[in-house]
Number of protein chains: 2
Amino acid sequence: MHGRHGRGQAQGGRGQGPGSGRADHMLEPALLCSLLGGATHGYGLVEHLAEFGLAAVPLRRVYRALSGLEAMGWVTSDWDSAQTQGPPRRVYTLTGEGKAALEEWMVYLRESRGAISRLLDAYERRRA
Amino acid sequence: MHGRHGRGQAQGGRGQGPGSGRADHMLEPALLCSLLGGATHGYGLVEHLAEFGLAAVPLRRVYRALSGLEAMGWVTSDWDSAQTQGPPRRVYTLTGEGKAALEEWMVYLRESRGAISRLLDAYERRRA
DNA sequence: TCCACTATAGTCTCTTTGTCAATAGTCACT
DNA sequence: AGTGACTATTGACAAAGAGACTATAGTGGA
């Protein structure tokens with residue numbers, strides 16, 4: 001019963017080519033970084049993610065990531081009192097530990113970027 | 001029976017912090033890129049991976065990645081005749097399709113690097 | 001009342017990954 | 001010849017992660 005609720009929530013497409021399915025390990029740091037700008041709820045964060053090139057992330061994954069972050073103690077959540085356009089929202093707030101974790105993530109991302117650059121360079125070198 | 005054979009093969013450490021366990025989606029392109037330099041076997045490729053900052057990749061994952069690449073038609077394998085220091089080696093060779101796939105991977109990696117940079121920039125902006 | 005939109009969450013299943021271990025050939029030392 | 005270290009590949013099972021579908025539920029407009 002019911003037509004379709006919510007949104008499409010992204011399509012699969014299995015294989016193993018570049019960017020096949022698995023988005024990245026960037027979702028968690030992107031969420032933490034967004035929360036640096038103030039507490040927000042999951043649904044609102046999704047649109048915010050486009051800024052980082054994470055436009056196609058399924059809502060379900062965002063919610064799951066957020067509960068993961070909460071389990072790590074990096075964010076806390078409260079149901080908001082003044083709900084605005086629908087059912088109650090779970091609003092997430094960055095903790096002090098979350099800020100520290102975010103900084104570690106940034107170190108890791110800088111390393112990842114360096115590794116990617118090394119690989120790109122090696123490719124250019126070998127292709128010639 | 002038996003003490004320990006093979007090597008340690010990396011340690012776990014589950015959690016979900018930065019770089020927790022899961023290395024990256026860089027293994028496949030790194031292997032293909034290595035094979036640009038000539039055919040090699042899995043065990044030999046492992047040491048070669050350090051060049052790209054993929055030093056800690058478990059052997060098992062490398063072998064699995066290689067059979068995946070073969071299933072995609074990006075590499076072919078043969079057992080070598082003149083084995084040198086142990087049991088027969090399965091030697092992998094890059095195919096034409098593999099070269100094309102590698103180029104697509106490079107496009108994807110450049111995009112990933114861009115996304116990481118955007119996130120790093122956003123972080124610096126917000127921290128201030 | 002019905003439908004669309006906002007908002008979060010449960011669950012089933014398939015795939016991927018981690019881990020342990022089996023198999024097996026070569027080489028150096030004793 | 002036997003032992004152990006190193007080279008080399010693979011099987012099998014369990015745990016984790018991600019996708020897809022569905023359930024629930026409040027608000028607001030036609």
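Throughout, protein chains are lettered first and strands after them, A, B, ... in sequence-line order, and every chain is numbered starting at 1. All figures in this text were calculated on a predicted structure; none of them were measured in a lab.
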- Item | B:P87 side chain, from C-beta outward: closest of D:dG26, D:dA8, C:dT8 |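 Looking only at side-chain atoms, B:P87 lies closest to D:dA8.
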
- Query: B:Y92 side chain: which of D:dT10, D:dC21, D:dT7 is closest?
  - Reply: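 For B:Y92, the side-chain atoms sit closest to D:dT10.
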
Measure [atom1]/[X] against [atom2]/[N] and give the value in whole Å, please.
| X | N | atom1 | atom2 | value |
| --- | --- | --- | --- | --- |
| B:R89 | D:dT7 | CZ | P | 10 Å |
| B:E28 | C:dT16 | CD | C1' | 11 Å |
| A:R90 | D:dA25 | CZ | P | 16 Å |
| A:H25 | C:dT16 | NE2 | P | 17 Å |
| A:Y43 | D:dG26 | OH | C1' | 13 Å |
| A:L59 | D:dT24 | CG | P | 19 Å |
| B:E70 | D:dT9 | CD | P | 12 Å |
| B:D78 | D:dT9 | CG | P | 13 Å |

- Query: Out of curiosity, does A:Y108 fall in the hydrophobic cluster containing A:M26 (side-chain heavy atoms, cut-off under 4.5 Å, transitive links)?
  - Reply: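 As far as the 4.5 Å side-chain criterion goes, A:Y108 and A:M26 are connected within one cluster.
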
- Query: With hydrophobic residues grouped by side-chain heavy-atom distances under 4.5 Å, do A:V91 and A:Y63 end up in a single group?
  - Reply: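 No, separate clusters.
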
- Query: Nearest nucleotide by nearest heavy atom, which residue falls closer to the 5' end of DNA chain C, A:R64 or A:V91?
  - Reply: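 That would be A:V91.
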
- Among all residues two or more places apart in sequence or in another chain, which pass the salt bridge (charged side-chain N to carboxylate O under 4.0 Å, His left out) test with B:R118?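 With neighbours one apart ignored, the set is empty.
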
- Could you pull out all residues at least two apart from B:R64 that satisfy salt bridge (charged side-chain N to carboxylate O under 4.0 Å, His left out)?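 B:R64 satisfies salt bridge (charged side-chain N to carboxylate O under 4.0 Å, His left out) with no other residue.
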
- Message: Is it the case that the side chain of A:T40 and the backbone of A:G38 share a donor-acceptor pair, with hydrogens and angles ignored and the cut-off at 3.5 Å?
- Response: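 Present.
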
- Query: Between the side chain of A:T95 and the main-chain N/O of A:W74, is any donor-acceptor distance below 3.5 Å?
  - Reply: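 A pair under 3.5 Å: yes.
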
- Task: Check every strand shown and say whether B:G42 touches a base, only sugar-phosphate, or nothing at a heavy-atom separation below 4.0 Å.
- Result: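 Sugar-phosphate contact only.
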
- Item | Base of D:dG17 paired with side chain of A:R61 (donor-acceptor, under 3.5 Å) |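 For A:R61, whose side chain was compared with the base of D:dG17, there is no donor-acceptor pair (under 3.5 Å).
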
- Query: Counting only distance, no hydrogens or angles, is the base of C:dG10 paired donor-acceptor with the side chain of A:R60 under 3.5 Å?
  - Reply: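 In this structure, the two groups form a donor-acceptor pair.
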
- Query: Within the pair B:Y63 and D:dT10, is there a side-chain N or O less than 4.0 Å away from OP1 or OP2?
  - Reply: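 No, B:Y63 has no side-chain N/O under 4.0 Å of OP1/OP2 on D:dT10.
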
Would you tabulate the pairs of protein nitrogen or oxygen atoms and nucleotide nitrogen or oxygen atoms of nucleotides 27-30 of chain C closer than 3.5 angstrom?
none

- Message: Any salt bridge linking B:R126 with A:E51? Criterion: basic side-chain nitrogen under 4.0 Å from a carboxylate oxygen.
- Response: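 Salt bridge between B:R126 and A:E51, a charged N being under 4.0 Å from a carboxylate O: yes.
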
